[in-house]
There are 2 protein chains.
Amino acid sequence: MDNLDRGIIDLLRQNARASYGDIGGSVGLSASAVKRRVDRLVADGVIRGFTIQVDPTVDGYNTEAYVELFCRGTVAPDELLRILSGVPEVVDAGTVTGSADAIVHMRARSIPALEDALERVRIAPNVDHTRSAIVLSRLIHRTHD
Amino acid sequence: MDNLDRGIIDLLRQNARASYGDIGGSVGLSASAVKRRVDRLVADGVIRGFTIQVDPTVDGYNTEAYVELFCRGTVAPDELLRILSGVPEVVDAGTVTGSADAIVHMRARSIPALEDALERVRIAPNVDHTRSAIVLSRLIHRTHD
DNA sequence: GATGCCACGGTCGAGGTTGTCCATTCGATC
DNA sequence: GATCGAATGGACAACCTCGACCGTGGCATC
């Protein structure tokens, strides 16, 4: 993981369909050297996958909320992970400092779908209550990884 | 935007480097028909770009926080966008319902870098104060788009 | 029903890209 | 300086891309 790798990753982040030759031209390697490095980065798990960014307003998943999760007693992160991984509307979540135990970013196709997903989070035995902030307008969505 | 387009998008989400021929084999089109549709989807802005998912622990950007933004008076979303787009550590942000004006998801290489980025958000003239929740452990990170 | 138009798909071929081979270079070690 | 390993660049066949061209079907107009 040297500067060449980082350069390749930066270029692939901008355009995952760039040819190895073009990438090599930018970082100063031949196409075959770039391919070897990319293959290694994928094998090592540094590059997790090649994907596309889709306009969220088009694919319909444009109803979002940030939800603070408050649990009863102490809940292990593993336990929270088990609860949340069963709800596909959860885009992003982490345990946090502060009064809430976790913050959960949810995305659904509609307010009812969001409400339904929220309900599935709330019925988990350890969840005491939640506090939601519905997203009114999306300002930034840097889709880094 | 029909079922063929949706199928192509799903396949590209899984592997943005799949060849047009392979995609066509899965959705039942020729390679050129797939290319035409992909080109159209890109031109129409449905597909915003081709990118890679990078292990966040490897690229070093693994210090995160959710920040509630409280503004003085009423602030237009455009104004917030202008403020936040100048801070690259802002991954995701939206105006929200509730007492805060916006929620901002930030990611940096270290706590000092996060603090610095937060400071750059706070010095904006309209920002009254912020309330941060530092992410302790990342639970979910579905990197859909 | 005939006509023109348009959107869409398939086929084809030139040119570019990928993936694999091998010789070479570079640096470290003995 | 000899040897080894890791990485590179170049060569080449197989594959893919991408534009040009043509055929088909839907649809409105005459």
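Numbered from 1 within each chain, the chains take letters A, B, ... in sequence-line order.
The distance from atom CG of B/Asp39 to atom P of D/dT17 is 11 Å, rounded to the nearest whole Å. Following rounding to the nearest Å, B/Leu29 (CG) and C/dC8 (C1') show an atom-to-atom distance of 10 Å. Atom pair A/Arg40:CZ and D/dA6:P shows a separation of 13 Å (rounding to whole Å applied). When rounded to the nearest whole Å, the span between OH of B/Tyr20 and P of C/dG10 equals 16 Å. If you take CG of A/Leu4 and C1' of D/dT8, they are 11 Å apart, rounded to a whole angstrom. Atom CG of B/Asp44 and atom P of C/dA7 are 13 Å apart (whole Å). Separating the CG atom of A/Asp2 from the C1' atom of D/dA7 is a distance of 11 Å, rounded to the nearest angstrom. Look at CD1 on A/Ile23: it is 12 Å from C1' on C/dT17, rounded to the nearest Å.
Looking at A/Lys35 and A/Asp39, a side-chain N of the basic residue comes within less than 4.0 Å of a carboxylate O on the acidic one, giving a salt bridge. Look at A/Asp2 and A/Arg37 and you find a salt bridge, because one of the NZ, NE, NH1 or NH2 atoms lies within 4.0 Å of a carboxylate O, short of that distance.
At a threshold of 4.0 angstrom between heavy atoms, the contacts of B/Ser19 are confined to the sugar-phosphate backbone, with no base atom among them. Among the atoms of the strands shown, base atoms are found under 4.0 Å from some heavy atom of B/Ser30.
No donor-acceptor pair under 3.5 Å is formed between the side chain of A/Arg107 and the backbone N or O of A/Thr63. Between the side chain of B/Arg122 and the main chain of B/Val127, no donor-acceptor pair closer than 3.5 Å is present.
In this structure, A/Arg138 fails the cation-pi test against A/Tyr61, since its NZ or CZ atom is not both closer than 6.0 Å to the six-membered ring centre and inside 45 degrees of the ring normal.
No hydrogens or angles were tested; on distance alone, nothing pairs the side chain of B/Ser32 with the base of C/dG9 as donor and acceptor under 3.5 Å.
Among the nucleotides C/dG9, D/dT8, D/dG9, the one closest to the side chain of A/Arg37 is D/dT8.
Between A/Ala33 and B/Ala18, it is A/Ala33 whose nearest contact on DNA chain D lies nearer the 5' terminus. Place B/Arg36 and B/Arg17 on DNA chain C by their nearest nucleotides, and B/Arg36 ends up nearer the 5' end.
An OP1 or OP2 oxygen of C/dG9 is reached within less than 4.0 angstrom by no side-chain nitrogen or oxygen of B/Lys35.
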